[in-house]
Every structure is written in structure tokens, then in C-alpha cells.
There are 2 protein chains.
Amino acid sequence: MARTGRPREFDRDKALDAALTLFWTQGYEPTSLNQLKACMGNISPASFYAAFGSKEALFREVVQRYVETYGQVMAPLWDETLEPRDAIEQTLRRSARMQTTRSHPTGCLIVLGASNCSPENEPVQTLLAAQRERSRKGFQDCVARAVADGELTDTPVTKTLPTLFVTFLHGMACEARDGNRAKKLDEAITTLMQVWNSLTVSP
Amino acid sequence: MARTGRPREFDRDKALDAALTLFWTQGYEPTSLNQLKACMGNISPASFYAAFGSKEALFREVVQRYVETYGQVMAPLWDETLEPRDAIEQTLRRSARMQTTRSHPTGCLIVLGASNCSPENEPVQTLLAAQRERSRKGFQDCVARAVADGELTDTPVTKTLPTLFVTFLHGMACEARDGNRAKKLDEAITTLMQVWNSLTVSP
DNA sequence: CCACTTCCGGACCGCTTAGTATAGAAACTT
DNA sequence: AAGTTTCTATACTAAGCGGTCCGGAAGTGG
């Protein structure tokens with residue numbers, strides 16, 4: 001549409017990726033506009049605000065992008081063509097691998113991105129909390145599907161599975177940040193999945 | 001020793017507790033000196049620096065106090081008079097209850113206290129990382145003890161238990177912060193401990 | 001070429017940050 | 001009374017914060 005006028009000199013997508021990396025590494029609040037502008041190629045405040053609106057608006061874009069790229073390791077959780085058990089196992093294994101990969105920051109932006117916040121940035125915390133809630137719901141739906149399919153029986157123990165898995169998932173962010181490698185987490189996932197096996201209706 | 005001179009008018013211990021609550025709620029970096037001074041009873045900068053030295057020094061004291069009080073829920077992990085399985089179970093259950101109790105901030109200061117940090121505060125991150133490493137070691141030692149006692153056999157699966165438990169433990173900080181209640185986490189712990197049961201040497 | 005649109009560099013805003021310096025008064029011990 | 005320490009209160013530093021504004025440059029469509 002509006003194609004006239006001087007074109008932007010920096011690559012908006014590349015700038016967004018750079019901001020993503022910075023936010024992922026440091027979190028929302030400690031990341032300053034100066035750092036952001038610097039990592040985007042020393043753009044000016046005017047350029048920054050024209051392109052992204054505000055620090056918070058940029059962060060929202062960053063989260064969106066994260067969910068659409070790195071966050072896709074969670075996609076199996078909402079893939080109803082997969083067996084529920086496979087969906088959960090793949091989600092955990094792919095998350096473990098992604099969060100420990102050293103070509104980008106370790107851990108999970110959704111878990112770690114705004115865990116330290118002053119009251120005035122509560123909206124940012126809420127944004128990430130909503131994403132985590134979405135994951136929680138994903139595990140619940142997956143287990144519910146397994147019950148509906150007759151793979152699991154609807155017992156009190158079965159009801160604890162979503163919390164068990166999501167707590168482990170979120171815990172991996174801390175472990176990855178502390179330097180644990182994919183192999184360690186992956187092996188723990190194998191053991192964790194034994195819980196599911198022990199609850200399946202015997203053939 | 002130095003007992004002469006005008007005594008301090010505020011209660012240093014109470015001030016430390018107030019700072020602990022504030023740091024626990026917001027994390028290290030977003031907590032400003034103004035907030036700290038305010039919650040300590042509107043003490044002056046002079047009094048603050050005379051009593052605590054600096055923001056970072058105060059935080060180190062706060063962490064120490066946290067470990068000695070709330071953090072004592074982890075004590076079973078290093079209590080060699082307990083059966084290893086009981087030590088781990090009690091550690092998890094007591095942590096779940098403590099982290100979800102509403103009479104103080106939710107979650108865990110050691111996990112959440114400095115997860116968002118600018119590079120210049122890396123020492124603070126390192127301080128908490130060391131505490132988490134201590135917990136990791138605790139789980140390792142506990143499992144090793146169970147193997148030594150002949151309760152568990154030394155298999156590859158057994159080796160994954162420490163990571164499994166510590167990841168779950170650290171994940172509870174996120175779940176507690178997001179509003180999960182003790183009951184939910186406690187039930188998940190019951191299910192998680194089934195993993196241990198399934199690995200015990202059959203009687 | 002011109003009118004128009006958009007972007008850029010840089011100055012600038014008011015505010016907060018952690019931390020220091022100053023003063024004199026007050027409260028304690030010896 | 002002498003000496004020591006902390007008190008209150010205020011002023012201050014130097015730097016950084018997120019964000020705004022403007023003049024001019026650079027590009028585009030007619």
C-alpha cells in the first residue's frame with residue numbers, strides 16, 4: 001500500500017531477530033533501549049520507535065515470533081493426528097533439544113523472559129503467563145484425549161499427569177539455563193514417560 | 001564488641017525480612033533502593049548503607065537468610081538418617097507446600113530471584129546458580145546412597161533420577177508463581193514417586 | 001523536476017538509578 | 001564529661017532509563 005517515501009535502511013526482520021536473542025538472554029526488563037538499538041545495527045531512537053512503537057510492543061512482537069519459530073517444538077502437543085502419548089513425548093524431547101542448543105540462548109523465553117518484573121511491567125508478565133497457561137491446557141487436552149481414546153483410564157492418578165508434565169517442561173528452562181545438555185534431559189524424559197506406560201490399560 | 005554509640009533505631013532483622021519479601025516478589029534487579037528503604041521503614045540512604053553496605057551485599061544476606069529459613073524445606077535431602085526415597089519425597093512435598101503458601105511470596109527465590117539480569121549483575125546470578133547446583137548434588141547423593149544401600153540397582157535409568165527430580169523441583173517454582181496450589185503439586189509428586197517405586201529391587 | 005512521504009541523526013525531555021557527602025543532633029558507654 | 005556511633009535530613013553525583021521532537025536527507029510517484 002504505502003510504498004512511497006524513503007525506504008527503511010535496516011532489515012526489520014533481522015532487527016527483530018536480534019532483539020529476540022537479546023530479550024531471550026537477559027529478559028525483558030534488564031534489556032535497555034540502548035542495547036536493543038545497538039544490536040539492531042545502531043539505529044536511532046526515531047527509527048526504533050517508528051518501526052516498533054515501544055519497548056513493550058517490540059517485546060510482544062518478539063514473543064509472537066518466538067512462538068512461531070522456536071516455540072514450534074511444542075506443536076506436537078496440539079497435533080491431534082498424533083497419539084497423545086507421542087504428542088507429549090515429542091513435545092518434551094523437542095523442547096529439551098531446542099532449549100539446550102547453543103546456537104541461540106538457552107532456556108525458554110516464555111518461562112524466563114519476564115520472571116523478574118517491577119509492578120509497572122505486570123502486563124508483560126501476564127503475556128508470558130498466558131502462553132504458559134496455553135501449554136498447561138495442551139497437556140490437559142492431550143491426557144483427556146488419551147482417556148477418551150481408552151488408552152488411559154479416568155483415575156485420580158491420571159488427573160495428575162498434566163501438572164506432572166508441565167512442571168517438568170517448565171523446569172527444563174532452569175536446567176538448560178544452568179548448562180545441562182540435551183542428552184541428560186532427554187534421558188530423564190525417557191524415565192518420566194515410564195509413568196505414562198505404567199498407567200496404560202493393559203492390552 | 002562495638003557496643004558504644006547511639007543504637008540503630010530500626011530492627012535490622014525485621015528490615016532484612018522485609019527486603020527478603022521484596023526481593024522474593026520482584027527479583028533482584030527490578031527492586032530499587034527506594035523500594036527497599038521504604039519497606040524497611042523509610043530509613044535514610046545513610047542508614048541503609050551503614051547497615052548493609054550495598055544492594056548486592058544485602059541480597060547476599062537475604063539469600064543466606066532464605067536458605068536458613070524457608071529453604072529448610074530442603075533439609076531432608078541432606079539428612080542421611082532418612083531413607084533416600086523418603087528424603088527426596090519429603091523435600092519435594094515440603095517445597096511444594098512452602099512455595100505455594102500465600103503468607104509469603106510464591107515460588108522459589110533461588111530459582112526466580114535473578115533469572116533476568118544485565119551482564120553487570122552476573123555475580124548475583126552465579127550466587128543463585130551455585131545454590132541450585134547444591135540441590136542438584138543433593139539429589140545425586142541421595143540416589144547414590146540408595147544404590148549403595150542396595151535399594152536401587154546401578155542402571156542407566158537410575159542415573160537419570162537426579163535430573164528428573166531436580167527438574168521437577170525447579171519447575172515447581174514456575175507453577176507456584178503461576179498460581180498452582182499445593183494440592184495439585186503434591187498429587188503430581190505422588191505420581192512422580194511411582195518412578196522410584198518401579199525401580200526398587202523387588203523384595 | 002517537483003511535491004510528497006518517510007526515514008535518519010542527534011539533541012533533548014523528565015525521571016530514576018545506585019551510591020556519596022554533608023551537617024548537626026541524639027543516644028549510648030566509659 | 002569525653003568519646004563513639006548512628007541518627008535525620010538534605011543535597012548531590014554521574015549515569016542510565018524510556019521516550020519525544022525536529023531539521024534535513026533520501027527516496028518515490030506524478
Side-chain angles (χ1 to χ4, degrees), chain A residues 1-16 18-19 22-23 26-62 113-114 116-125 127, chain B residues 1-16 18-19 22-23 26-62 113-114 116-125 127:
Chain A
M1 193 59 56
R3 289 237 157 273
T4 82
R6 176 178 176 177
R8 170 180 296 129
E9 286 187 5
F10 64 96
D11 184 327
R12 197 181 186 281
D13 266 12
K14 281 204 174 71
L16 195 58
L22 201 51
F23 276 130
Q26 300 187 354
Y28 178 72
E29 236 174 64
T31 301
S32 74
L33 281 191
N34 275 340
Q35 288 179 304
L36 287 167
K37 284 163 6 192
C39 85
M40 289 170 169
N42 287 311
I43 66 174
S44 71
S47 303
F48 177 89
Y49 282 95
F52 299 107
S54 73
K55 184 185 173 183
E56 181 177 332
L58 169 64
F59 187 71
R60 289 178 184 271
E61 268 196 69
V62 158
N116 296 159
C117 263
S118 343
E120 73 234 36
N121 286 317
E122 188 242 306
V124 174
Q125 282 183 298
L127 172 73
Chain B
M1 192 62 54
R3 287 241 159 272
T4 81
R6 176 176 176 176
R8 159 179 307 128
E9 286 191 0
F10 65 95
D11 184 328
R12 198 181 184 282
D13 267 11
K14 280 203 174 72
L16 195 59
L22 201 52
F23 276 130
Q26 299 187 354
Y28 177 71
E29 237 174 62
T31 301
S32 73
L33 280 192
N34 276 339
Q35 288 179 303
L36 288 167
K37 282 162 9 192
C39 84
M40 289 169 168
N42 287 311
I43 67 173
S44 72
S47 301
F48 176 88
Y49 282 97
F52 299 106
S54 72
K55 184 184 171 184
E56 181 178 332
L58 169 63
F59 186 72
R60 288 178 184 274
E61 269 198 67
V62 158
N116 296 160
C117 262
S118 344
E120 73 233 35
N121 287 316
E122 189 241 306
V124 175
Q125 283 184 297
L127 173 74

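Sequence lines set the chain letters: A, B, ... in the order given, protein chains first and strands last, and positions in each chain run from 1. In this text, all values refer to a predicted model and were calculated from it rather than measured experimentally.
- Among the protein residues, B:F10 comes within range of the sugar-phosphate backbone only, with heavy atoms under 4.0 Å from sugar or phosphate atoms but none that close to a base.
- Side-chain proximity of B:R6 to the nucleotides C:dT6, D:dC7, D:dG19 is greatest for D:dC7.
- Straight-line distance from the CG atom of B:N121 to the P atom of C:dT17: 14 Å, rounded to whole Å.
- With D:dC7, D:dG19, C:dA18 as the choices, the nucleotide that has an atom nearest any side-chain atom of B:S32 turns out to be C:dA18.
- Heavy-atom distances to DNA chain D give each of B:F48 and A:E29 a nearest nucleotide, and the one nearer the 5′ end belongs to B:F48.
- Atom P of nucleotide D:dT8 and atom OH of B:Y49 are separated by 16 Å, given to the nearest angstrom.
- One interatomic measurement links the two molecules: CG of A:N42 to P of C:dC8, which rounds to 13 Å at whole-angstrom precision.
- The side chain of A:A46 approaches C:dG10 more closely than any other nucleotide in the set C:dG10, D:dC7, C:dA18.
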side-chain contact (heavy atoms from CB on, under 4.5 Å) between B:R12 and B:E61, intermediate numbers included
CA-CA 11 Å; B:R12 198 181 184 282; B:E61 269 198 67; 2.7 Å; yes
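- Distances from the side chain of B:R8 to the nucleotides D:dT6, D:dG19, C:dT20 place D:dT6 closest.
- Using a 4.0 Å heavy-atom distance criterion, B:S118 is classed as making no nucleic acid contact.
- The CE-P distance, from A:M40 to D:dG18, rounds to 12 Å in whole Å.
- Using bins of under 30°, 30° to 60° and over 60° for the plane-to-plane angle, the ring pair A:F59/A:F23 lands in the perpendicular bin.
- Rounded to a whole Å, the CG atom of A:L58 is 11 Å from the P atom of D:dG18.
- Both B:N34 and B:E9 lie close to DNA chain C; mapped to their nearest nucleotides by heavy-atom distance, the more 5′-ward contact belongs to B:N34.
- Between A:S44 and C:dC7 there is no side-chain polar atom (N or O) within less than 4.0 angstrom of OP1 or OP2.
- Rounding to the nearest 0.5 Å gives a distance of 12.0 Å between CG of A:N42 and CZ of A:F10.
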Please determine whether side-chain contact (heavy atoms from CB on, under 4.5 Å) holds for the pair A:V62 and A:Y28, giving the CA-CA distance in whole Å, both sets of side-chain angles, and the decisive distance to 0.1 Å.
CA-CA 10 Å; A:V62 158; A:Y28 178 72; over 6 Å; no
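- The separation between B:D11 atom CG and D:dT6 atom P is 16 Å, rounded to whole Å.
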Determine, step by step, whether B:L127 and B:R60 satisfy the side-chain contact (heavy atoms from CB on, under 4.5 Å) criterion, reporting the C-alpha distance in whole Å, the side-chain angles of both residues, the deciding distance to 0.1 Å, and the verdict.
CA-CA 8 Å; B:L127 173 74; B:R60 288 178 184 274; 3.6 Å; yes
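- Look at NZ on A:K37: it is 16 Å from C1' on C:dC7, rounded to the nearest Å.
- Remark: P of D:dC17 and CG of B:L33 are 17 Å apart, rounded to the nearest angstrom.
- B:P45 comes within contact range of at least one nucleobase, with a heavy-atom separation under 4.0 Å.
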